[in-house]
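Here the structure comes first, spelled out in structure tokens, and everything after it is commentary.
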Amino acid sequence: MDLECSRLLPALCAVLVDPRQPVADDTCLEKLLDWFKTVTEGESSLLLLQEHPCLVELLSHVLKLQDLSPGVLSFSLRLAGIFAAQENCFQYLQQGELLPELFGETGPLGQAAWAVPTVRSGWIQGLRSLAQHPSALHFLADHGAVDTIFSLQGDSSLFVASAASQLLVHILALSMRGGAEEQPCLQGDDWPTCAQKIMGHVEESLCSTATPKVTQALNVLTTTFGRCQSPWTEALWVRLSARVACLIERDPIPAAHSLVDLLLCVARSPVFGSSNGNLWEMVAQALSCLGPTHVGPLALGILKLEHCPQALRTQAFQVLLQPLACVLKATVQAPGPPGLLLRAKGTRAVAITPGLLDGMADDAMTVDALLASKSSCAGLLCRTLAHLEELQPLPQRPSPWPQVPLLGAAVTVLRLCDGSATPVSSVGGHLCRTLAGCVRVQRAALDFLGMLSQGTSPQELVMQVLAVLLECLESPGSSPTVLKKAFQATFRWLLSSPKTPSCSGLGPHIPQFLRELFLVLQKRLCSPCWEVRDSALEFLTQLSRHWGGEADFSCALLASEVPELAWQLLQDPESYVRASAVTATGQLSSRGLHAPTSPQHAVARQSLLRELLRILSTDSEGFPRRAVMQVFTEWLRDGHADMARDTEQFVATVLQLASQDLDWEVRVQGLELALVFLGQTLGPPRTHCPYAVALPEAAPARPLTEALRALCHVRLFDFAFRALFDCDRPVAQKSCDLLLFLRDKIASYNSLGEANPNTNSVEVSPWRRWAGEQTQPQEDQEPEAVLAMLRSLDLEGLQSTLAESSDHVEKSPQSLLQDMLATGGFLQGDEADCY
Amino acid sequence: MPEIRVTPLGAGQDVGRSCILVSIAGKNVMLDCGMHMGFNDDRRFPDFSYITQNGRLTDFLDCVIISHFHLDHCGALPYFSEMVGYDGPIYMTHPTQAICPILLEDYRKIAVDKKGEANFFTSQMIKDCMKKVVAVHLHQTVQVDDELEIKAYYAGHVLGAAMFQIKVGSESVVYTGDYNMTPDRHLGAAWIDKCRPNLLITESTYATTIRDSKRCRERDFLKKVHETVEHGGKVLIPVFALGRAQELCILLETFWERMNLKVPIYFSTGLTEKANHYYKLFIPWTNQKIRKTFVQRNMFEFKHIKAFDRAFADNPGPMVVFATPGMLHAGQSLQIFRKWAGNEKNMVIMPGYCVQGTVGHKILSGQRKLEMEGRQVLEVKMQVEYMSFSAHADAKGIMQLVGQAEPENVLLVHGEAKKMEFLKQKIEQELRVSCYMPANGETVTLPTSLSIPVGISLGLLKREMAQGLLPEAKKPRLLHGTLIMKDSNFRLVSSEQALKELGLAEHQLRFTCRVHLHDTRKEQETALRVYSHLKSILKEHCVQHLPDGSVTVESILIQAAAPSEDPGTKVLLVSWTYQDEELGSFLTSLLKKGLPQAPS
């Protein structure tokens with residue numbers, strides 16, 4: 001602890017115990033505890049207390065005060081716990097009988113303050129910190145703390161109840177370790193008293209008819225198996241598994257959610273190698289007994305396990321597929337006339353049916369859930385689709401993966417939602433009515449469909465998927481969120497579409513699809529919803545980034561009005577859309593994809609450049625201006641800056657606009673562009689990786705003086721030196737990085753033997769001249785003056801200062817203590833006036 | 001037994017990061033998703049782990065509702081939707097949807113600008129989050145799904161602030177968010193109809209305060225600004241981009257116009273244009289005065305307030321500057337403050353609260369020697385003023401709103417425990433309504449009466465209408481019909497229709513009762529006496545004496561008989577149909593009291 005904090009501490013302790021001086025900011029005590037934790041991690045708590053008797057006084061004082069704020073009492077309990085975590089300090093506090101008074105029955109536990117959840121929470125957290133050594137275990141036993149923790153498991157506060165369960169697990173683990181890193185005892189009968197007591201309580205709770213009790217016990221066990229992987233946990237399971245098994249036999253199964261968590265946690269624990277036969281039996285039974293709400297997560301959890309009996313995996317997968325199988329069965333007709341799916345897709349419908357349904361009877365509970373109500377049906381389908389989506393990319397997913405039937409199911413669900421399905425049974429009819437227009441299910445199905453693009457699917461099916469996506473994108477009823485997901489799914493399917501040598505990078509049917517897609521995109525770019533226009537532009541950017549160079553793609557795109565519409569959206573009233581339009585047109589332009597009405601590429605580029613410069617200089621909002629800077633930087637980096645006839649002039653104009661921007665992120669991007677230009681003028685940055693193969697230093701593109709003159713000409717230094725003292729830290733930091741790079745570069749020039757420009761003869765104008773917030777452009781600087789200035793700056797020092805946050809002084813412990821002292825009693829009345 | 005459960009994850013006995021979970025008729029709704037600006041780590045957000053342990057968030061929550069754009073009500077939204085993984089619908093009003101991203105973006109920029117913030121959302125995340133928003137109009141009933149519906153009411157407080165009614169079947173909860181029961185310079189007062197919800201969740205920031213008039217504070221503010229610039233000083237007003245800034249701009253603009261002042265006023269961020277654009281766009285949300293003035297002049301088109309350039313801070317002479325951020329912890333406002341702090345002629349006016357760890361907090365707590373970077377000490381000689389302009393309902397206003405909505409129960413949030421305690425007692429005593437004030441993490445469970453919706457056949461309603469008397473909301477009327485329960489559907493139809501639909505024959509069911517009377521006369525005479533007695537009492541009913549000696553009142557039949565064992569006693573046999581159950585019971589009890597003495 002530094003001296004200033006030591007000096008302030010006594011006064012602070014006095015303020016804390018003075019009820020007339022309330023702590024104004026509710027975060028102060030939390031931050032103070034953070035600081036004490038850091039301090040005690042670095043030094044002895046005992047020494048700390050001995051050197052600062054005010055701390056012990058604080059702890060003893062809080063017990064005597066009647067009208068102390070619950071916040072300060074809670075803080076004191078937590079603080080005492082932090083100190084007592086070190087055993088010698090624990091003994092020290094014990095000598096003064098402070099700990100029993102704080103945590104025993106005579107303390108807050110028996111007082112009116114106990115009714116406040118913060119105090120109960122402080123008590124638990126204090127004990128949680130304290131329980132680190134054997135002495136703590138004795139203390140807990142002697143003062144009946146464990147019984148209190150049992151009762152707090154059912155606390156009215158979610159936070160307190162949860163913390164109590166966590167604490168029990170911690171004490172159990174500590175007790176089993178014997179308070180130290182000893183070899184654990186495996187026999188249940190030999191377990192330490194404290195552990196026996198906790199286990200007895202858990203066993204009793206597991207047998208309870210009150211569901212909350214069962215839930216508490218299951219949660220304690222789940223946390224235990226999740227956190228502790230010592231051999232004793234195996235003995236614990238042996239002892240308790242029969243009682244857990246009894247729960248599965250109850251009807252209805254109590255605390256099903258917690259039970260599923262426990263079973264999966266035990267199954268995941270590395271402790272149970274070969275001895276988990278009864279676990280798998282239990283899991284299998286749970287799979288057949290649990291209702292549709294809980295069985296899905298269990299099935300998914302099982303399928304994610306790395307080691308698990310094959311029969312169980314099969315059962316789990318069947319359970320997971322059950323709802324989709326029901327949907328397919330209710331909607332897809334057996335061989336014969338076309339059923340649910342579009343007439344042309346009748347053959348595929350037949351092919352789908354066996355895959356998911358083979359040998360499976362409809363599960364009555366699943367059908368019930370699908371039919372019970374709209375929300376129950378939507379909930380079940382959403383969960384199932386999300387579970388399968390999670391499973392799909394995993395290496396341990398079931399093999400063979402029923403890609404084709406699953407695709408069929410996803411398409412079917414989408415058709416049920418958009419009302420284009422034709423049911424073949426009464427259940428199907430019911431599903432049609434229930435799911436029509438159900439955005440929630442539609443979104444889940446689109447997510448799942450997108451994920452399925454990673455698998456291999458027959459070409460015919462891919463086209464059908466794309467067709468359904470196109471319908472979804474076309475449908476006037478599709479909500480903005482559905483459209484966004486449809487765009488995402490379409491992009492993923494296009495990415496994975498099979499490639500053939502004859503048709504460039506895209507599949508053989510894709511060109512036709514793209515033509516249709518661009519027609520839809522045209523419509524969506526004119527949507528009255530900004531969300532839709534924006535998603536459409538983002539989608540267009542993604543497409544052109546990937547396939548901008550493909551002839552099929554550009555052909556289809558240029559045959560549409562999409563490029564022109566994207567251009568028009570540069571004037572959109574919504575700034576998000578303008579920004580996306582900037583990115584999209586920038587991307588199209590760099591691929592040479594201009595609106596077909598443009599006479600020539602060069603002219604089109606010029607006019608886009610003018611338009612983007614207009615946005616950069618006049619747009620009232622930051623997003624479009626930032627997007628313009630990103631486009632310009634990309635253009636410059638990728639060599640597309642030829643659209644400006646004179647690169648230096650282009651850079652000069654952009655830097656001048658960026659340097660005057662009110663948005664600091666635009667200024668940062670201006671510096672990024674400057675850095676790219678710098679790299680191109682002086683050579684790329686040096687690699688800083690010590691393991692990289694050192695390549696011989698490339699010869700610079702042109703002599704240093706000439707290069708510097710070019711940089712001066714574009715007024716890069718004006719911008720950089722002014723930015724170095726920008727009030728917005730990231731700007732200053734970026735500028736610092738840029739100047740360091742420049743200095744480094746100049747040094748390498750010198751090492752290559754180039755003549756060092758004579759700086760002695762130049763009178764260095766003070767660098768503050770640049771930093772002095774001058775807005776008027778200055779005359780061109782001479783390279784010599786720039787070099788002299790670079791040498792005069794302590795860039796490393798500045799860099800380390802800028803690496804700190806702008807409020808690091810205000811956030812320091814010393815500042816915290818000063819604030820708490822200053823605030824004591826200062827603010828009254830409107831302290832809660834956040835807004 | 002159905003119940004409503006409420007668990008605040010934030011704003012339970014505190015002010016900061018509002019986030020309240022409501023479970024109503026099996027639907028789970030999150031009310032607000034706020035952020036605490038006092039922390040740099042994940043503690044700034046509500047602890048969502050308590051929801052995620054219930055399975056996938058999007059499955060568990062049916063929707064999120066945001067009451068208004070202040071960050072302590074919406075600041076965690078992009079984190080929740082883009083980082084924690086909620087993918088369901090988010091509801092807010094149109095102005096909130098427009099303004100929310102500006103404030104989130106402003107705060108993100110400040111957080112990144114000052115650095116040292118961990119795990120913060122990006123610009124793209126804010127946009128993606130806003131794309132999930134469904135904007136609602138005032139008083140528009142929005143169906144979240146088949147069962148859950150929500151409706152927004154005007155809340156005052158800030159532009160677009162709304163109270164929300166959440167309804168499932170006949171159960172409903174109203175959440176006020178922050179509201180103001182008195183109109184201010186640009187907004188009107190909160191209003192809600194007599195919706196009689198099962199529960200009203202209300203903010204209680206000023207639970208114990210009867211606030212002085214806002215006019216006084218405004219006068220004080222203008223006086224201080226005016227005096228300072230008159231004496232050649234500069235005034236710095238640190239603000240967040242939107243909200244209070246606009247309110248104070250209107251105030252100064254009007255004052256400057258009236259006093260014909262020439263001292264420049266600047267707004268530093270460049271965001272003002274967009275903010276003012278939204279204030280213009282949502283003019284119907286402002287108060288009547290602004291709407292009226294709008295015809296001649298838009299209040300948000302400022303003549304005297306100009307965009308600020310960094311170089312202006314060094315200009316000599318007086319000026320007023322609005323600069324962000326509002327707590328003096330980074331960026332422009334902090335830079336200007338450093339420049340101007342040393343001059344006692346200057347003034348800084350803090351119009352809002354500052355969290356610990358900021359320069360704003362330090363100067364508000366009276367510190368005048370501030371340590372700056374590199375061990376430099378900044379001596380603050382400029383005048384420091386704190387002026388609260390926040391628009392919350394005070395104790396009187398809260399009581400007024402409770403009176404307006406007539407809830408069965410009240411639950412207090414967004415306030416301090418001690419103040420809540422006072423208001424709780426007041427509500428319970430004066431309004432005789434149960435009041436709760438759970439701490440964060442505590443669940444309040446309210447049992448509600450089971451309600452089953454029943455469809456009534458048009459025929460039955462028409463028949464009822466034909467009987468005259470139009471239905472009145474305040475006078476419930478009895479309606480007879482047959483309840484048919486089929487396929488989880490409940491329908492009330494006329495008994496004839498029910499018989500027809502179900503293909504059943506009608507059985508006549510009659511209730512009978514024996515009443516013993518002490519009467520030595522013959523049966524016929526007793527019957528006649530009964531007839532006369534009933535005729536005199538039941539003037540509105542058709543009472544008849546039939547030739548066989550029996551008496552009828554509507555469907556009720558009364559016959560007199562003499563038991564052989566006691567000639568001094570007569571037995572009245574009363575029988576009636578179930579339709580006349582009420583009248584039958586009445587007659588029986590009337591006859592049991594005996595007949596009036598016959599004139600001798």
Side-chain angles (χ1 to χ4, degrees), chain A residues 24-28 30-31 116-118 156-160 162 257 297 374-375 379 382-383 386 440 443 480-481 484 531 534-535 575-576 620-621 623 662-665 727-730 773-775 801 804-811 815-816 818-819 822-823 826-827 830 832-835, chain B residues 7 14-16 36 38-39 43 50 54-56 59 70 72 87 109 112-116 127 131-132 145-147 178 205 243 269-270 273-274 309-311 314 329-332 334-335 352-353 355-359 361-362 365-367 371-374 388 390 415-416 439-443:
Chain A
D25 189 305
D26 57 351
T27 63
C28 285
E30 280 282 327
K31 290 175 190 165
V116 182
T118 324
S156 62
S157 165
L158 213 61
F159 302 162
V160 174
S162 162
H257 183 88
K374 190 166 178 170
S375 51
C382 286
R383 280 194 303 275
R440 210 178 136 201
R443 283 199 308 241
T481 49
K484 188 180 172 192
E531 295 93 332
D534 191 74
S535 299
S575 61
Y576 277 140
S620 63
E621 290 183 53
F623 303 118
L662 288 172
D663 183 341
W664 64 258
E665 282 174 291
C727 66
D728 293 298
R729 228 167 171 80
E773 294 88 23
Q774 298 190 32
T775 49
T801 309
E804 301 262 25
S805 75
S806 67
D807 55 358
H808 71 276
V809 176
E810 288 77 33
K811 290 262 191 280
S815 168
L816 172 67
Q818 280 166 348
D819 284 355
T823 327
F826 180 78
L827 282 178
D830 285 348
D833 173 28
C834 218
Y835 281 100
Chain B
T7 314
D14 72 9
V15 182
H36 197 310
F39 290 109
R43 281 177 289 184
Y50 292 94
N54 292 310
R56 288 178 68 242
D59 294 333
H70 279 152
D72 61 338
D87 197 23
K109 281 181 84 79
V112 181
D113 184 358
K114 78 183 173 73
K115 301 175 76 246
K127 180 167 85 172
K131 283 186 177 177
K132 293 177 182 170
D145 59 32
D146 276 5
E147 292 133 11
D178 291 354
T205 320
T269 57
E273 211 169 313
K274 180 160 186 175
D309 186 287
R310 278 172 289 168
D314 293 321
H329 56 304
Q332 195 102 69
L334 183 59
Q335 195 186 43
Y353 178 72
V355 294
Q356 191 278 328
T358 60
V359 171
H361 180 90
K362 283 192 177 293
S365 63
Q367 298 179 62
E371 193 192 322
M372 295 282 148
E373 271 180 331
S388 160
S390 66
E416 290 162 78
N440 286 331
E442 278 191 315
T443 302

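Order of the sequence lines fixes the chain letters, A, B, ..., with proteins taken first and strands second; residue numbering starts at 1 for each chain. From a predicted model like this one, the values you see are computed outputs, not experimental measurements.
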Are B:M372 and A:V809 side-chain neighbours, meaning at least one heavy-atom pair lies under 4.5 Å? no
Side chains of A:Q818 and B:K362: closer than 4.5 Å at any heavy-atom pair? yes
Would you compute the distance between atom [atom1] of [X] and atom [atom2] of [Y] and round it to the nearest 0.5 angstrom?
X      : Y      : atom1 : atom2 : answer
A:E531 : B:K132 : CD    : NZ    : 13.0 Å
B:T358 : A:D807 : OG1   : CG    : 8.5 Å
B:K127 : A:S575 : NZ    : OG    : 9.5 Å

Output all residues satisfying side chain to side chain donor-acceptor pair (under 3.5 Å) with A:T481, sequence neighbours left out; order by chain, then residue number. A:R443, A:S479
Pairing residues for A:T27 by the side chain to side chain donor-acceptor pair (under 3.5 Å) criterion, not counting sequence neighbours: A:D25, A:K31
Interface check, chain A: of B:N440, B:T7, B:V359, B:D145, most non-hydrogen pairs under 4.5 Å belong to B:N440
Of the listed residues (B:R43, B:H329, B:H36), which shares the most heavy-atom pairs with chain A below a 4.5 Å separation? B:R43
For A:R440, is it the side chain, the backbone, both or neither that has a heavy atom under 4.5 Å from a heavy atom of chain B? side chain
Contact class of A:P297 relative to chain B, heavy atoms under 4.5 angstrom: neither
Comparing A:G379, A:S162, A:C382 against chain B, the one with the most heavy-atom pairs below 4.5 Å turns out to be A:S162
Among A:D534, A:V160, A:T118, single out the residue with the greatest number of heavy-atom pairs under 4.5 Å to chain B. A:D534
Are A:Y576 and B:K131 close enough, and set up right, to give a side chain to side chain contact (heavy atoms under 4.5 Å, CB included), and what steps lead you there? CA-CA 11 Å; A:Y576 277 140; B:K131 283 186 177 177; over 6 Å; no
Under 4.5 Å heavy-atom distance to chain A, tell me which part of B:D146 shows up: side chain, backbone, both or neither. side chain
Under 3.5 Å, is there a donor-acceptor pair between the A:S156 and B:E442 side chains? yes
Any luck finding a side-chain donor-acceptor pair between A:D819 and B:Q367 under 3.5 Å? yes
Does a side-chain N-to-carboxylate-O contact under 4.0 Å join A:E665 and B:K109? yes
For B:G357 against A:K811, the heavy-atom pair lying closest together: O-NZ, 3.4 Å
